[in-house]
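Taking it in order: structure first as structure tokens, then the write-up.
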Protein chains: 2
Amino acid sequence: MAAKTKNTERREDALSRERIIAAAIEILDARGENGLTVRALAAHFTTGLGAIYWHMSSKADIVAAATDAVLAGPAAAAPPDPGDAIRALALRVFDSIDDHPWAGAQLSRTASQPTTLKIFESIGLQVQALGVPAAAQFNTASALLSYILGVANQNAALAQSAEPGTNRTAVLEGVSAMWTDLDPTHFSFIRSIAPQLRDHDDRAQFLAGIDLLLAGIQASATS
Amino acid sequence: MAAKTKNTERREDALSRERIIAAAIEILDARGENGLTVRALAAHFTTGLGAIYWHMSSKADIVAAATDAVLAGPAAAAPPDPGDAIRALALRVFDSIDDHPWAGAQLSRTASQPTTLKIFESIGLQVQALGVPAAAQFNTASALLSYILGVANQNAALAQSAEPGTNRTAVLEGVSAMWTDLDPTHFSFIRSIAPQLRDHDDRAQFLAGIDLLLAGIQASATS
DNA sequence: CTAGCTATGGAACAGCGATCCATAGAAGGA
DNA sequence: TCCTTCTATGGATCGCTGTTCCATAGCTAG
């Protein structure tokens with residue numbers, strides 16, 4: 001009897017950690033966080049699960065590596081002014097999350113991810129450059145990081161609530177309409193700002209929050 | 001032939017949405033977010049899956065309802081000073097998440113959860129009371145909300161990274177040690193604050209961030 | 001007494017992450 | 001050259017998940 005020959009030949013296009021991460025980013029961008037499965041990844045390379053797990057230790061490992069890859073851009077030269085440096089730094093994170101919303105959810109998931117550490121370090125250095133007293137540096141840098149990660153996470157949630165690839169303005173229209181329909185007695189504030197939501201700029205709003213924190217840091221230093 | 005009698009009698013302790021949510025909170029607190037499964041919930045009431053799904057539409061529904069229940073406390077009388085009111089409001093959210101970390105992850109997950117809306121409304125009202133000009137109210141309230149949700153989410157991540165019920169200080173010890181072992185050339189700031197991490201107060205640090213934002217709001221108003 | 005609605009328990013299904021294993025090719029020593 | 005060892009690969013399998021479906025028991029109107 002002919003033993004069933006198993007096809008386990010070496011592939012010409014060898015798998016590698018890097019190629020798998022790149023494919024994972026592709027799938028995450030196209031189909032969202034739930035669209036990435038180890039099986040989808042295996043199908044993308046026309047292989048089995050074992051091949052994937054040979055290179056990656058777990059799905060969490062894959063998503064974490066993809067997040068690191070997406071956020072690890074070339075460290076642009078920091079502007080001389082510490083405030084501007086923080087703004088530039090924050091915007092770089094914001095723009096990365098805007099392009100890859102799934103990374104926003106991941107970023108705050110695991111506390112000590114190397115990427116988060118690097119961001120925290122960069123913020124801390126600029127906080128020191130701002131002249132914040134040593135005793136307040138930890139709190140100040142943490143506040144900036146928490147705000148940045150908070151916005152990143154909310155953007156991720158908003159992007160994932162809609163189908164991948166849905167028109168963003170359509171989503172905002174819907175939320176704005178929902179806000180307008182709220183009970184006026186209990187939601188007077190939200191109703192008052194509902195029109196602004198329709199055509200507001202996420203990026204500008206994010207920056208406004210950073211400016212608020214920077215203003216608070218300056219005010220605390222002089223008082 | 002005796003038909004296999006199915007035990008579908010009415011239970012004396014009738015199931016209800018409220019009882020299921022209460023049990024879900026119990027399980028979430030005890031076993032963490034992954035510990036809550038629909039089967040665990042069914043086992044808690046010694047029943048089947050159908051009974052649960054008769055009252056709840058999905059697991060997402062269950063977790064969302066549990067989050068709402070945990071965060072919907074009695075609305076304490078707001079202090080006369082808007083700044084103090086925001087501080088009290090923020091601390092109420094913080095303390096709730098501190099008691100139920102899984103709620104922190106959920107809170108920012110779905111954007112338009114009723115609880116989040118209520119928090120946003122309360123913040124907005126106090127922002128108006130602070131005298132922030134109408135054009136800046138949306139951005140200001142959003143910044144405060146993003147910061148609060150950001151901290152809530154990070155607390156949730158930190159709490160879930162450890163086993164449920166693990167000593168919190170032990171986790172901080174570990175992270176502090178990890179920070180100390182970082183490369184001094186690339187992580188000078190983080191190394192410098194590592195000792196402070198060991199015995200820092202999350203709650204106080206959270207409040208420091210709120211104060212920073214409030215100081216920024218004051219500074220922006222007077223300038 | 002009967003029809004319909006409410007509620008229950010559990011089987012079944014599709015899909016997931018992860019593990020395990022047989023095997024094919026490459027590499028290196030004798 | 002042969003043989004052993006290590007690196008990769010493809011896929012079967014396991015245990016678990018959320019969800020759907022269905023038979024059935026009790027309650028409530030008519």
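Sequence lines set the chain letters: A, B, ... in the order given, protein chains first and strands last, and positions in each chain run from 1.
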B:Ile52 CD1 - D:dT19 P separation (whole Å): 13 Å

Contact class for A:Leu36 vs. all strands (heavy atom < 4.0 Å): base, sugar-phosphate, or nothing? sugar-phosphate

Taking atom types as modelled, find out whether A:Gln113 and A:Thr67 have a side-chain donor-acceptor pair closer than 3.5 angstrom. no

Atom OH of B:Tyr53 and atom P of C:dA11: how far apart are they, to the nearest Å? 17 Å

Between CE of B:Met56 and P of C:dT8 the distance, given in whole Å, is 13 Å

What's the spacing between B:Leu107 CG and B:Leu145 CG if we round to 0.5 Å? 8.0 Å

Over how many whole Å does the gap from B:Arg39 atom CZ to C:dC13 atom P extend? 14 Å

Is there a side-chain contact between A:Trp54 and the phosphate of D:dT9, meaning an N or O under 4.0 Å from OP1 or OP2? no

Return no unless some side-chain N or O of B:His55 is found under 4.0 Å from OP1 or OP2 of C:dT8. yes

Show your working on ring-ring contact (aromatic ring centres under 6.0 Å, His included) between A:Tyr147 and B:Tyr147 and close with a plain yes or no. CA-CA 4 Å; A:Tyr147 172 72; B:Tyr147 172 73; 7.8 Å; no

Once you round it to whole Å, what is the distance between P of D:dC14 and CG of A:Leu49? 15 Å

How close or far is atom C1' of D:dC27 from atom CG of B:Leu15, stated in whole angstroms? 17 Å

Nearest-Å distance, CG (A:Leu41) to C1' (C:dA18)? 14 Å

